[in-house]
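Note sheet for the following structure.
Below, read A as the first sequence line, B as the second, and so on, with proteins coming before strands; counting in each chain starts at 1. Predicted, not measured: the structure shown is a model, and the values here were computed from it.
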Number of protein chains: 2
Amino acid sequence: MSDIVKKLEDYCKNNNIKITEQRKIIVETIADSNDHPDVEQVFIRAKEHDSKISIATTYRTIKLLEEAGIIEKHDFGDGKSRYELVTDDHHDHLIDIQTGDIIEFYDEELEKLKDKIADKLGFKLVDHRLELYAIKSSSKK
Amino acid sequence: MSDIVKKLEDYCKNNNIKITEQRKIIVETIADSNDHPDVEQVFIRAKEHDSKISIATTYRTIKLLEEAGIIEKHDFGDGKSRYELVTDDHHDHLIDIQTGDIIEFYDEELEKLKDKIADKLGFKLVDHRLELYAIKSSSKK
DNA sequence: CTAACTGCAAAGCGTTTGCGATGAG
DNA sequence: CTCATCGCAAACGCTTTGCAGTTAG
């Protein structure tokens with residue numbers, strides 16, 4: 001069984017939540033996506049494995065997975081929430097505004113700086129969000 | 001007349017758009033807000049000056065002001081768009097997740113770093129968004 | 001068994017839009 | 001005058017929810 005499903009099962013056992021077929025399919029669907037799908041995309045992909053899954057269950061399961069810390073939500077400004085698996089390697093996103101492509105990146109210096117800034121303001125950083133909207137350097141203006 | 005209204009009038013003249021009483025009231029309302037109001041808050045505050053302004057006009061005017069580059073939109077994750085005047089001094093936002101307070105800050109090092117990161121990835125930075133979600137350092141966990 | 005979960009359809013909520021009336025230029 | 005804009009109410013798109021039937025534990 002995949003690691004992700006195991007993670008879900010652990011969470012369910014610890015929280016008196018039932019582990020259902022639909023839930024397994026939905027986590028796996030997200031785990032198998034290497035883009036940043038929105039709810040409808042997850043729904044469509046999940047239906048390939050179980051055609052009778054409903055959009056309501058997809059929404060409910062995604063909310064649950066978010067609370068479980070298994071997936072995280074992003075909002076890239078197109079009006080819908082997008083999701084991806086939480087992994088150990090934190091990264092931020094660069095959005096190519098011409099193609100919509102999303103490039104993940106990690107910058108050590110940036111991570112340190114964010115903490116430093118929060119600290120300077122008298123806060124302790126809990127979470128953050130950085131998105132760079134950009135165009136390819138080679139692109140003609 | 002306020003600078004902001006003048007800015008709006010310039011934009012209108014250059015774009016064959018009419019400058020109406022409602023539009024003036026709405027820019028001024030936003031200019032007078034030193035928080036980051038959502039559309040409904042702008043609407044309510046605008047109504048104090050003209051009780052018959054409609055929410056539709058508020059939405060339409062806010063969209064126009066955004067296109068004019070007079071105001072900018074933010075999304076702090078509470079499901080509604082928030083707005084503030086565009087000023088020369090760029091800043092990012094730190095959100096106190098306990099109180100909802102929004103602190104504006106500017107960090108030179110960060111600005112440089114963002115450009116550098118985009119450049120390293122082969123992109124030219126067009127826009128960006130950084131939000132820090134944090135709690136007061138003195139707060140007990 | 002029985003509380004949690006599902007699918008369905010209806011409702012919720014922020015936002016947009018079609019319309020006939022109004023008003024700026 | 002004429003076209004842009006207004007207020008109203010209906011529609012929209014994403015998301016949530018009440019309900020009656022189903023299922024995991």
Side-chain angles (χ1 to χ4, degrees), chain A residues 1 5-6 8-27 29-30 36-44 46-47 49-68 71-83, chain B residues 1 5-6 8-27 29-30 36-68 71-83:
Chain A
M1 176 200 316
V5 174
K6 202 164 295 165
L8 173 62
E9 292 190 339
D10 285 352
Y11 180 77
C12 289
K13 276 173 195 150
N14 295 332
N15 293 73
N16 194 30
I17 288 170
K18 289 175 181 168
I19 161 86
T20 66
E21 205 47 43
Q22 289 93 328
R23 288 179 176 166
K24 284 193 223 167
I25 289 172
I26 290 169
V27 230
T29 299
I30 298 175
H36 300 73
D38 60 32
V39 176
E40 202 182 343
Q41 287 172 312
V42 172
F43 172 54
I44 290 168
K47 272 203 296 199
H49 298 95
D50 174 0
S51 63
K52 61 195 183 317
I53 274 188
S54 73
I55 187 87
T57 296
T58 310
Y59 272 104
R60 283 190 277 233
T61 303
I62 284 179
K63 179 182 252 183
L64 178 129
L65 294 172
E66 222 189 321
E67 285 163 4
I71 63 175
E72 65 185 330
K73 188 198 317 214
H74 296 294
D75 164 28
F76 297 137
D78 59 352
K80 23 194 172 179
S81 299
R82 295 160 164 282
Y83 297 86
Chain B
M1 178 200 312
V5 174
K6 201 165 296 163
L8 173 62
E9 292 191 339
D10 285 351
Y11 180 78
C12 288
K13 275 172 195 150
N14 295 332
N15 293 74
N16 194 31
I17 288 170
K18 289 175 183 169
I19 161 85
T20 65
E21 204 49 42
Q22 290 93 328
R23 287 177 178 169
K24 284 193 224 168
I25 290 172
I26 290 169
V27 230
T29 299
I30 298 174
H36 301 73
D38 59 33
V39 176
E40 201 181 345
Q41 287 172 310
V42 173
F43 172 53
I44 290 168
R45 291 173 196 174
K47 273 203 294 197
E48 289 168 17
H49 298 95
D50 175 359
S51 63
K52 62 197 182 316
I53 273 185
S54 74
I55 187 87
T57 296
T58 309
Y59 271 104
R60 282 191 275 234
T61 303
I62 283 178
K63 179 181 252 182
L64 179 127
L65 294 172
E66 222 189 320
E67 284 163 6
I71 63 174
E72 65 185 329
K73 188 198 314 215
H74 295 294
D75 164 28
F76 297 137
D78 58 353
K80 23 194 169 180
S81 298
R82 295 160 165 281
Y83 297 87

Can you tell me the distance, in whole Å, between the [atom1] atom of [X] and the [atom2] atom of [N]?
X     : N      : atom1 : atom2 : value
A:I25 : C:dC5  : CD1   : P     : 16 Å
B:I53 : D:dC6  : CD1   : P     : 9 Å
B:L64 : C:dT15 : CG    : C1'   : 16 Å
B:F43 : D:dC8  : CZ    : C1'   : 11 Å
A:D75 : C:dG14 : CG    : C1'   : 14 Å
B:I17 : D:dC6  : CD1   : P     : 11 Å
B:D78 : D:dC14 : CG    : P     : 19 Å
B:E66 : C:dT15 : CD    : C1'   : 13 Å

Tell me what [X] touches on the nucleic acid: a base, only sugar-phosphate, or nothing, going by heavy atoms under 4.0 Å.
X     : answer
A:R60 : base
A:Q22 : sugar-phosphate
A:I55 : nothing
A:K80 : sugar-phosphate
A:I19 : sugar-phosphate

At their closest point, which heavy atom of A:I19 faces which heavy atom of A:K24, and how far apart are they?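 Taking every non-hydrogen atom into account, CD1-CG, 3.5 Å.
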
Let's see if you can work this out: which of D:dT15, C:dC5, D:dG7 has an atom nearest to the side-chain heavy atoms of A:V39?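 Looking only at heavy atoms from C-beta outward on A:V39, the closest nucleotide is D:dT15.
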
Where the side chain of A:N16 is defined as all heavy atoms beyond and including C-beta, which of C:dA4, C:dT17, D:dT5 is the nearest nucleotide?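 So the nucleotide nearest the side chain must be C:dA4.
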
Taking the side chain as every heavy atom from C-beta outward, state whether B:Y83 and B:V39 have any atom pair closer than 4.5 Å.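 Result yes, sub-4.5 Å side-chain heavy-atom pair found.
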
May I ask you to evaluate whether A:Y59 reaches the phosphate of D:dT15, defined as a side-chain N or O under 4.0 Å from OP1 or OP2?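 Yes, within the criterion.
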
Please tell me if A:T20 has a side-chain N or O lying less than 4.0 Å from either OP1 or OP2 of D:dT23.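 No, no such contact exists.
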
More than 12 heavy atoms of other groups within 6.0 Å of A:D78 CG: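 Correct, the count exceeds 12.
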
Should we say atom NE2 of B:H74 is surrounded by more than 12 heavy atoms from elsewhere, each under 6.0 Å from it?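 Atom NE2 in B:H74 is crowded, with more than 12 foreign heavy atoms closer than 6.0 Å.
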
Looking at B:I53, B:T57, B:V5, which one forms a side chain to side chain contact (heavy atoms under 4.5 Å, CB included) with B:I25?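 Between B:I25 and the candidates, side chain to side chain contact (heavy atoms under 4.5 Å, CB included) is satisfied uniquely by B:I53.
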
For A:A56 and A:E40, take the nucleotide of DNA chain D holding the closest heavy atom to each; which residue's nucleotide lies nearer the 5' end?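 Counting from the 5' end, the first nearest nucleotide belongs to A:E40.
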
Hey, which of these two, B:E21 or B:S81, hits DNA chain C nearer its 5' end, going by closest nucleotide?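 Looking at DNA chain C, the more 5' nearest nucleotide goes with B:S81.
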
